[in-house]
Amino acid sequence: MTLFPEHIAACPDCDLMQRIPALSRGETARCLRCGRTMAAGKTDSLNRTFALAVAAAIVLVIANVTPLMGLSAVGRHASTTIFGGVLKMWQEGQGITAALVAFCTVAAPTVYILFMLTILAAVRRDPAPSWAGALLRISDASRSWAMVEVMMLGILVALVKIADVATVVPGVGMFAVFALIVLFAAMTVSFDPREVWSRIRWVDRAAQPAGARRQDGFPEDRAASADGMTAAKLGLVSCGACGLLAKPADLASPGYCPRCGRALALRRRHTIQRTWALLIAAAICYIPANLLPVMNTTMPAYAANDTIMNGVILLYASGSWPLALIVLVASVIIPLAKIVTMAYLLAAIQLRRPESRRERIRIYRFVEIIGRWSMLDVFVVTFVVALVQLQPIMSVEPGAGVVFFAAVVVLTMFAAEQFDPRLIWDSPDDEESDHD
Ligand SMILES: [Zn+2]
Ligand SMILES: [Zn+2]
């Protein structure tokens, strides 16, 4: 297996080979063809991210042990923590939804912060232990499932909904959640995974180049002749986890990445079939998610089973039309748009359409980013149910629609993760049409 130095890489989104120049602070290297960020010059990345992760760990504890909000009505007081919401959903028989909410609001952020702290402590040694690479893969995955910002919006919507029937007071936990959003964003900005990968001891130690060879394993003239070619056309595979570029002896069974140990593959296996399967499942769940009630309210002489759409109308009627619009977009429009656009992307690949590839890759990135926001109503239901328990005067229970709703979000997120964007660029028609 021939290996290539750090600055020769294939774009993860379109597979185009390129040389990444030395970057100074604040500079970003983007893919020439699809615009994907390949590398960014960051100052003191590891120390800064470590400091931010320490702060995030403290804030995460505060966010989890203090009340998010309190309620007082008819002489009673109640308050809830994040875990209180999870527990209430569990007691109401919504086990799957409770587990998902716990995963997205407690488990995923905790794993992300703990693993980042461990990785950043481990890379102080040079070379860093190779398990830091495995942790980095897991922390990356948990980052995309840590939905603190969606939870924050869910708390706000819940506050407005409850404000109609009782006095609500924001708690310390809510401010901690807000601080956590800021810290997570700062960690993402300051962290440079390339620096971690460059310090790690390779899984296959024999294959690891000595320090000097990191920059000159690949003659410049060969790199120059590779411009405008995709890695696949040159018989090269780039690792899906660490980005290492390798030329395996046998392209049909490329083996494992010598740096991080992950199985190499030219393209994600069965990506089209799997993405279709996930999308169809999501489309099926979308129907009961919208038809079944998500929240059942019981008051003396009044009982209501609210679907998502009813909830939107109620919010609008109570005068908070911006929130009504947010819930409508997040809960009804985003999941549908995501299913339709992913289906379009797949169909365009299968019909071998060469046109508007750059637009398609933008659409893909967009739906990948916005998809998580459709969890909004699941969080709203969780916190409203946790707080409004004033039996026998008033109580709220989760409806059967919630679990289908959560299923749509999870399935479409899996579909976007499963999809291999490089297929958009793999059509037989050549690159000429892309260079305008
Ligand atoms: Zn690209
Ligand atoms: Zn790798």
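In each ligand, atom 1 is the first atom listed, and ligand 1 is the first ligand listed.
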Start with the C-alpha gap between W131 and F115, add the side-chain angles, then the distance that decides, and say whether ring-ring contact (aromatic ring centres under 6.0 Å, His included) holds.
-> CA-CA 11 Å; W131 50 255; F115 281 25; 9.6 Å; no
How many protein atoms of type N/O/S are positioned less than 2.8 Å from the Zn ion (ligand 2)?
-> 4
What number of protein N, O or S atoms occur at distances under 2.8 Å from the Zn ion (ligand 1)?
-> 4
Could R259 and E6 be called an ion pair, given the rule that one side-chain N must be under 4.0 Å from one carboxylate O?
-> yes
Enter the distance from S356:OG to I424:CD1 here, rounded to the nearest 0.5 Å.
-> 9.5 Å
Just how far is it from atom CG of L323 to atom CG of L314, taken to the nearest 0.5 Å?
-> 13.0 Å
Looking at Y344, Y364, W276, which hits ring-ring contact (aromatic ring centres under 6.0 Å, His included) with F419?
-> Y364
With R124 as the cation and F50 as the aromatic partner, state whether NZ or CZ is under 6.0 Å from the six-membered ring centre and within 45° of the axis.
-> yes
Below 3.5 Å, can you tabulate the donor-acceptor pairs from side chains in residues 82-96 to any protein atom, sequence neighbours excluded?
unit_1 : atom_1 : unit_2 : atom_2 : d
K88    : NZ     : E92    : OE2    : 3.4
Q94    : OE1    : T97    : OG1    : 3.2
Q94    : NE2    : G399   : O      : 3.1

Looking only at side chains, do T230 and R422 share a donor and an acceptor under 3.5 Å apart?
-> no
Would you please name every residue forming a side chain to side chain contact (heavy atoms under 4.5 Å, CB included) with A107, sequence neighbours left out?
-> F103
